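Predicted model, so just to flag it, every value in this text is computed and none were measured.
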Amino acid sequence: MKNWKSLKTILRLAAMMLLGHAAFGQSPQPQTTSAQSSPRSGTDVSRQKAEGSRQSTDLIGACAAAVEDLRATRELAASLETENAALKKQLDTATQSIDLLTELDVTRKSETDALREAVAAKNESIAAKDSVIASQDKLITSLKSKKSSPWKRFGDVLIGVGIAAVLR
């Protein structure tokens, strides 16, 4: 009888547990494994172990290949960053060169303008000199034409001597 009392208690607890799930809605479905519902493949456990080890080897090889690919990608990314930095530096240098060449072009244009003005001033100076020379040539020609004869000079001297004798 003693066993009967403990059995009654266990049955009551089991009934309460079953009723407890029903009281709160549907009871949770027990999880089934896929092995129970899947059809038999007809493969041995030893064959599955061999295939598992081959798949494991394939998986390790694939992981190793992925690691090598990642390493190569990182190296490529690092070299691309280095190349980008070099290209940026080259672009900065080219920009500075263009700025300097533009400044040089402006300077040469102003120098050319200054040289043109100097040549124009030189040409004006030469023209003024030529005009002075021409006027001096005219003066020389006019003075040569006004040159007096020796008899006229002798007369001028005699008049000067006569005036000096009278004044004495």
Side-chain angles (χ1 to χ4, degrees), residues 3-142:
N3 286 340
W4 182 249
K5 279 187 178 181
S6 65
L7 186 59
K8 272 186 181 180
T9 308
I10 291 175
L11 285 175
R12 284 184 193 157
L13 286 173
M16 286 184 359
M17 285 178 60
L18 288 175
L19 291 176
H21 283 294
F24 293 107
Q26 292 183 345
S27 62
Q29 296 289 329
Q31 293 184 355
T32 58
T33 60
S34 61
Q36 292 174 352
S37 62
S38 66
R40 296 232 176 239
S41 65
T43 329
D44 258 357
V45 171
S46 60
R47 184 185 289 169
Q48 285 181 355
K49 282 185 181 179
E51 286 179 7
S53 66
R54 190 184 68 202
Q55 287 175 350
S56 172
T57 305
D58 291 344
L59 181 64
I60 291 172
C63 288
V67 166
E68 287 300 317
D69 187 37
L70 181 61
R71 184 177 298 128
T73 302
R74 286 182 179 164
E75 289 175 4
L76 181 62
S79 66
L80 284 175
E81 287 176 3
T82 305
E83 184 179 358
N84 283 344
L87 286 174
K88 186 175 182 180
K89 188 174 183 180
Q90 183 180 5
L91 176 65
D92 292 341
T93 304
T95 303
Q96 289 175 349
S97 297
I98 289 171
D99 291 343
L100 289 174
L101 288 174
T102 303
E103 184 179 337
L104 179 65
D105 184 47
V106 168
T107 304
R108 285 194 176 166
K109 282 181 182 179
S110 66
E111 184 182 38
T112 302
D113 292 342
L115 286 173
R116 283 186 185 142
E117 290 175 11
V119 168
K122 177 196 68 114
N123 289 340
E124 288 176 15
S125 173
I126 290 172
K129 180 181 162 194
D130 288 345
S131 109
V132 167
I133 291 173
S135 68
Q136 286 178 350
D137 284 344
K138 283 182 186 178
L139 182 62
I140 290 171
T141 306
S142 71

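Separation of atoms NZ (K88) and CD (E81) is listed at 12.5 Å; rounding is to 0.5 Å. Taking CG from L80 and CG from L76, the interatomic distance works out to 4.5 Å, rounded to the nearest 0.5 Å. Rounding to the nearest 0.5 Å places OG of S110 at 10.0 Å from CG of D105. Within the model, atoms NZ of K109 and CG of D113 stand 9.5 Å from one another, a figure rounded to the nearest 0.5 Å. With values rounded to the nearest 0.5 angstrom, L104 atom CG is found 9.0 Å from E111 atom CD.
Between the side chain of T112 and the backbone N or O of R108, at least one donor-acceptor pair lies under 3.5 Å.
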Show me, pair by pair, the donor-acceptor contacts under 3.5 angstrom made by side chains of residues 93-101, not counting sequence neighbours?
from : atom 1 : to  : atom 2 : distance (Å)
T93  : OG1    : K89 : O      : 2.9
T95  : OG1    : L91 : O      : 2.8
S97  : OG     : T93 : O      : 3.0

Between side-chain atoms of residues 68-75 and protein atoms elsewhere (two or more places apart, or another chain), which donor-acceptor pairs fall under 3.5 Å?
from : atom 1 : to  : atom 2 : distance (Å)
E68  : OE1    : R71 : NH1    : 3.3
E68  : OE2    : R71 : NH1    : 2.5
T73  : OG1    : D69 : O      : 2.7

